[in-house]
Amino acid sequence: MDNNVWQKLQSIDPRALYVVVLVMISASIVLPGLTLPIIPGQQSKDAFNAVVKAANTPGSKFMLVSGWWSASTRGENDPQTRAILTHLMRLHVPFGVLSFDPQNPQLMDNIETSLAQKYGYVYGRDYINFGYQVAPAQTLKGIVTNMKGTLKTDWHSKPLETFPVMANVNSIKDVAAVIDITPVSSLDAWLGLVVQKYHTPFIYVPTAVMAPEGYPYRDSGQVAGIVIGVKGAGDYETLLGVKMQGTQVSTALSMVYALIILLVIVGNIGYHGARRAAALQAAGEGRGQS
Amino acid sequence: MEHASDHWSIGIFVAVLSIIILYKIVTAQRGKPPTIRRIAGLNAIDEAVGRATEMGRPILMVPGIGGLDIPALQALNIFGYIGRSVARFGNRTILAVADPQLVGVGEEVIRDAYTSAGRPELFNAEDVRFLSDRQFAFASGVAGVIEREKVAASFLMGAFFAESLIIAEVGQRVGAIQVAATNQFTQLPFFIATCDYVLLGDEFYAASAYLSKNPTLLGSIVGQDYAKLLILIVVILGTLSACGVLMLPAGHVHDLLQRFMDLFKS
Amino acid sequence: MRTLFHSIPHTHPLYYVALLATVAAGIGILALLQALPTRLRRPLIALVTFLGGLYYAAEFFIPTGWGVHKGVDGNFLSPYFDKVANISSVLGSFSIGLGVFSLIGMHLRIASRRRESWGFSLMLLISFVAMTIFTLLNEYAGKSVVIPSVAGHSSITNHDIYVVLFNGGLASLDSAMFALIGFFIISASYRAFRIRSVEATLLMASAIIVMLGQVTLGSWLTGGLPSHGPLAFFRFENMSEYILVHLNAPAQRAVTFGLALGVLATSLRLWLSLERGLYFDQE
Amino acid sequence: MSADYLHHLLLPKLLLGAIGTIAILSLVFRENKLYRLFEHVFLGLATGYGLATTWTQVLRPKWWDPMVGGGEWIWILAAPLGLMFYGVYTKKFAWMARLIFGLYFGLAAGTVFQGFAEEYVPQIRASFKPLIAHGAVTAAMAVNNWIFVIILICVLVYFFFAFEQNSAVIKRSASAGRVMLMIAFGAIFGSTIMIREALLIDRIRFLLIEWLQLGHIFR
C-alpha cells in the first residue's frame with residue numbers, strides 16, 4: 001500500500017477526533033432511546049443486595065447517606081446519588097443525608113426534591129438533610145453514640161426533635177446501613193470511626209479513581225458493595241429496571257472508550273505499516289545496487 | 001499531631017536519614033565531587049533552547065501550581081540553570097506562576113540568570129507573569145500564552161494536577177519541545193504521553209545537581225541514595241521478619257522480629 | 001503571646017497609642033535592617049530561614065510533656081501551632097499584591113497604551129473590578145443593594161449579579177476548562193499508545209485493560225467468563241483491579257519514597273542555607 | 001420558539017455560563033477570539049475573587065477582627081513586615097524581600113520531618129508482608145506479596161543515581177523497575193479516563209439539556 005496511507009492512519013488530525021467525540025456524546029444525551037444494554041458488575045450487585053437486605057432486616061430501617069462531593073465531580077456522583085436515592089424511596093426507607101462539602105447540601109437537595117414528588121416522599125417525615133458538617137471526624141465520632149446531640153439541627157437550622165423521621169433515631173445502632181457517596185478518601189474515617197463498632201452494613205459509592213481504596217475492605221467484608229463511578233450508576237439503574245443519567249452516561253462512555261480503542265488499533269496499523277513499507281523500500285534499494 | 005516522642009523509633013529514623021544526607025553533603029564539599037548517572041531529559045535542554053532561538057520563539061517555564069512549596073523552589077532552581085542557557089543564546093524566557101509569592105522569587109531567579117550570563121538588558125519583568133492561583137484559570141492563561149507566543153520549548157516542573165494534560169497538549173499542538181517533571185505520580189503518565197522528555201520520580205530532585213555539577217547538590221544526591229538504600233534494607237528486613245513472625249512459634253526470636261516491625265508502627 | 005502583649009479594647013485611647021507605637025517600631029526595624037552593613041545581609045537571611053524552619057522542627061523533635069502541664073498535648077511549643085500558622089498565613093496574604101500587580105499592572109499598561117488587542121485586557125480589568133466589588137458586597141451587604149428596574153424588568157439585587165458572576169462566570173469556566181481534558185485525553189492516548197517498544201506496549205496494554213474494566217463495553221467482552229474460579233481472573237474488571245491494587249501500588253510506593261527523600265534533602269539544604277546556587281547566593 | 005423558551009435561553013446566569021463553556025471548549029479546535037475573550041474574563045474574575053476572599057477569609061477573620069474587635073494591637077506589625085515583600089520592585093530594598101521569602105522557605109522546609117514521619121514511615125511499615133503461605137496467609141496472598149516486594153525493590157533500584165550499576169543483577173532489576181513503572185503509569189492513565197469523560201459529558205449535558213432543553217424535543 002502507498003506509504004502515505006500509513007502516514008495518514010497514524011496522524012489523524014486530532015480535531016476530527018474531537019468532532020466525533022462531540023457527536024457521540026451529544027447523541028447519547030439527546031436521544032433517550034440510544035442506550036446500550038448493561039451487564040451489572042458483581043460489585044454493583046453486592047451493593048444493591050446489601051441495601052435490599054438492610055431494608056428488610058427487622059428494626060429501624062433508617063439509612064445514612066453521606067455526600068463528600070461538590071459540583072466539580074457532579075458528572076460521576078450525581079447519577080450515583082440519583083440511582084441510590086431512587087432505590088431507597090422505592091423501598092420506602094427513611095433516610096438522612098450528611099454533607100461533608102459546603103456545596104453538597106444544595107446538590108443533594110436538588111436530587112431529593114426532583115425524586116420526592118414521584119415517590120410521595122415528604123421532607124422531615126421520610127427524609128432529612130443534616131447539612132454541611134465542618135469537622136468530619138468529630139461528627140462521625142459523635143453520631144455513634146448520640147445522633148441528635150451531635151448533629152443538633154437540619155440544614156435550615158431547625159432542631160432535629162421537630163422532625164418525625166428522627167423520632168426513633170438516636171445512635172448508630174438505629175441505622176440500618178451507611179451509604180458513602182464520595183470523590184475523596186473518606187473510607188478510612190467511616191470504617192474506623194463508625195462502621196466497625198456495630199458492623200453496620202456499609203456501601204461504598206466512590207468515583208472511579210477512588211474505587212481501588214475499597215477493594216481490600218470488600219474482601220474482608222467491611223464494605224458490603226461498591227458502586228464505582230458512572231458505570232456503577234448505570235449498573236444500579238439496570239438492577240432497578242430504570243434508565244436515567246447513569247445509563248445514558250454509561251452508553252456515552254462505552255462509545256468513547258470504543259473510539260479510543262479503535263483509534264489505538266488504527267494508529268498502530270499505520271505505525272507498523274509505515275515501518276514495513278520503509279523496510280521493504282530499503283531492501284528494494286539494496287537489490288538495485290547489487 | 002505526631003511528635004517524635006510518640007514513637008521515638010520513627011523520630012530517630014527520620015533524624016538518621018537526615019544525618020546521612022547532611023554527612024554526604026559535607027564530605028562532597030570537602031573531597032572530590034561525586035558523579036551521578038545520566039538523566040536523558042536534561043541533555044536535551046541545550047538542544048531545545050538552541051532550536052527555540054533559531055526559530056525566534058520564546059521559552060516557557062512553569063513551576064507547578066502548588067504555591068511556595070519545596071517542588072516549586074526546586075523547579076525554580078532548575079529554571080535558574082536553564083535560564084542562563086537561554087540568556088546566553090539571547091532568547092526570551094516566559095515564567096508563568098500560580099502564586100503571588102512565586103512572582104517575587106521567580107523574578108529574582110530569572111533576572112539573576114540573565115545577569116550572570118552577562119545579558120541583563122534582555123530581562124523583561126513583564127515576562128514573569130502571575131496568571132491566577134486558581135487551577136483552571138491558570139491553565140487557561142498558560143494555554144493562551146503558549147498559543148499566542150508560539151513557544152518553542154516548555155519546561156513544566158513542580159506540582160501539577162489535572163491541568164497537566166491541558167498545558168502539555170496545547171504545547172504539543174504548537175510543536176514545542178517539552179520537558180516535564182513532577183512530584184505527582186498520577187500526572188506522570190500524561191506527561192509521558194505528551195512531552196518529549198519526562199524526568200521520572202526523584203530524577204526531578206537530581207536535576208539541579210546534574211546541571212550544576214555543584215558539590216553540595218551532588219553530595220546531597222549521594223546522601224539520598226544511601227537513605228534510599230537504608231529504606232530498602234529496612235523493607236527487606238521487615239519482610240523477612242513478617243515471614244519469621246508468621247512461621248516461628250512464640251518465643252524470644254518471634255518477639256524480637258515483632259519488635260523490629262513495631263519500630264516503624266505509628 | 002497573650003502574656004507578652006495584653007490586648008486593649010479599641011475604644012480605649014491607649015489602643016491607638018499602642019497601634020501607632022507598633023507601626024513606628026515596625027518602620028524602625030525596617031530602617032535598622034536597611035542600615036545594616038551589606039556583608040551581614042546574607043547571614044541574616046540564613047538566620048531568618050533557619051528560625052522559620054526551627055519552630056516546626058523543634059515542635060516535632062522535643063519530647064511531648066516538656067514544659068507543659070499534664071494533659072496538654074505535645075510540648076511547650078505545641079500550643080502555638082495555630083498561632084504560627086495564623087501569623088504565616090496573615091503575613092503571606094500581604095504578598096497577594098505581588099500577584100495582582102503583576103497581572104493587573106500588565107493589562108492596565110496594555111489597555112491604557114492601546115497596545116495590540118487591548119480590548120481583551122480591558123475585559124480582564126472590568127471582570128476583575130466587578131468580581132472584587134460584588135464578592136465584597138455579597139459578604140458585607142447580603143442582598144440589600146437593590147439596583148432599580150431596567151426597561152420594565154423587575155429590579156435586581158447585588159446578590160443576583162454576584163450569582164451571575166460566580167456561577168455563570170467563574171464556576172462555569174472552571175468546569176469547562178476541566179472538561180477540556182475529556183477531549184485532550186483522547187488525542188493523547190491515540191498518539192501515545194503505540195507498540196513501539198516493550199515499555200510503550202506495556203503502558204498501552206495496562207491502560208486498555210484498566211479502561212475496559214470500568215465500562216459496560218468491557219463487561220460485554222468478557223461477560224461470558226465465569227464469575228468464580230480461575231478463569232474469572234480474565235474478566236476485565238478483575239484484571240483491572242489486579243493491576244491497580246497489586247502492580248500499581250508497589251511501583252507508586254517506591255517512587256513516593258524517592259520523592260520524599262528528595263523533599264527531605266531539599267528542605268535540609270534550604271533550611272540550613274547549604275544551597276550554593278541561584279537566588280540563595282546573591283546578597 | 002415560545003417567549004418562555006427565549007426567556008429561559010437568555011437568563012443571564014445560564015447565558016453567560018453557556019457562552020463561556022462554548023468559548024473554552026472551542027480551544028480544542030484552535031485558539032480564537034472568543035476563547036481569548038473568555039480566557040481574559042476568567043483571569044479577571046479569578047483574580048478579583050481571589051483578592052476579595054483573601055480579605056474575607058484570611059485577613060478579616062485572622063488579622064483585622066482580632067486587631068480591632070479583639071484589641072490585639074500587636075497585629076498591626078504585620079503591615080510593615082508585609083511591606084517587605086514589595087522590596088522586589090526596587091533595587092535598594094530587594095534584599096528585604098529575600099529576607100521575608102527566606103522566612104517562608106524556612107517555614108516550608110521545617111515541616112518536612114513531621115511530614116515524613118506521618119506520611120511515609122507508615123508506608124514503610126505497610127510494606128512488611130509475609131512471603132510464605134502459612135496460617136492466615138493463603139498461597140495467593142503469598143504470591144501477591146512476592147510480586148509486591150519485587151516491584152518495590154526493582155523500582156527503588158532504578159532510582160539510584162550515584163551507585164554505579166555495573167552488576168548484571170542490579171542492571172536487570174533497574175530495567176525491570178522501569179518496565180513495572182510503565183505498567184503503573186498505564187493503569188493510572190486508564191483509570192483517569194472515566195472521570196475526565198464524565199466531566200466532559202456533564203458539560204455537554206449542561207449545554208444541551210439545561211440550557212437548550214433539547215431533552216424534551218426528542219422525548
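All heavy atoms count here, side chains included; hydrogens, waters and symmetry mates do not. Throughout, a chain's letter reflects where its sequence line sits, starting with A, and its residues are numbered from 1.
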Kindly give the heavy-atom pair with the smallest separation between [X] and [Y], and that separation in Å.
X	Y	value
C/G26	D/P80	CA-CG, 3.9 Å
D/F189	C/I185	CE2-CG1, 3.9 Å
C/G97	D/Y89	O-OH, 4.4 Å
D/A187	C/N248	CB-CB, 4.4 Å
C/L30	D/M84	CD2-CG, 3.6 Å
D/Y104	C/S88	OH-O, 2.5 Å

Under 4.5 Å from a heavy atom of chain C, the part of [X] involved:
X	result
D/L156	both
D/I100	side chain
D/V149	neither
D/S175	neither
D/M194	both
D/F113	both
D/F160	neither
D/M67	both
D/R36	both
D/F38	both
D/A126	both

For this session: Using the side chain to side chain contact (heavy atoms under 4.5 Å, CB included) rule, pick out the option among D/I150, D/I151, D/N144 that qualifies with C/P250.
Result: D/I151

Flag side-chain contact, heavy atom, 4.5 Å: [X] against [Y]:
X	Y	answer
D/F148	C/L247	no
D/F116	C/V263	no
D/Y86	C/F101	yes
C/Y140	D/R60	yes
D/I147	C/Y242	yes
D/L25	C/F183	yes
C/I186	D/E197	yes
D/K33	C/F120	yes

[X] versus chain D, the contacting section by heavy-atom distance below 4.5 Å:
X	value
C/H12	neither
C/T266	neither
C/F134	neither
C/D160	neither
C/L103	side chain
C/Q252	side chain
C/Y55	neither
C/L261	both
C/M204	neither

For this session: Assess whether side chain to side chain contact (heavy atoms under 4.5 Å, CB included) is satisfied between C/L124 and D/V41, documenting all intermediate values.
Result: CA-CA 5 Å; C/L124 186 147; D/V41 169; over 6 Å; no

Exercise. Which one, C/M123, C/Q214, C/R269, leads in non-hydrogen pairs under 4.5 Å with chain D?
Worked result: C/Q214

Problem set entry | Stepwise ring pair (Phe, Tyr, Trp, His ring centres under 6.0 Å) test for D/Y49 and C/F166 | CA-CA 9 Å; D/Y49 187 74; C/F166 187 83; 5.2 Å; yes

Exercise. For residues D/Y120 and C/R253, is any side-chain donor paired with an opposing acceptor at under 3.5 Å?
Worked result: no

Exercise. Going by distance alone, is a donor N or O of one side chain under 3.5 Å from an acceptor N or O of the other, for D/W95 and C/Q34?
Worked result: yes

For this session: Name the option with the most non-hydrogen atom pairs under 4.5 Å to chain C; the candidates are D/L45, D/I183, D/V112, D/V155.
Result: D/L45

Problem set entry | Top contributor to chain C contacts, counting heavy-atom pairs under 4.5 Å, from D/I204, D/D202, D/L181, D/I124 | D/I124

For this session: Report the C-alpha separation of D/L103 and C/L91 in whole Å, then their side-chain angles, then the decisive distance to 0.1 Å, and conclude whether the side chain to side chain contact (heavy atoms under 4.5 Å, CB included) test is met.
Result: CA-CA 11 Å; D/L103 178 71; C/L91 202 52; 4.2 Å; yes

For this session: Using the six-membered ring wherever Trp is involved, compare the ring planes of C/F94 and D/W63 and label them parallel, tilted or perpendicular (cut-offs 30° and 60°).
Result: perpendicular

Exercise. Has D/R196 got its NZ or CZ under 6.0 Å from the middle of the six-membered ring of C/F184, at an angle within 45 degrees of the ring axis?
Worked result: no

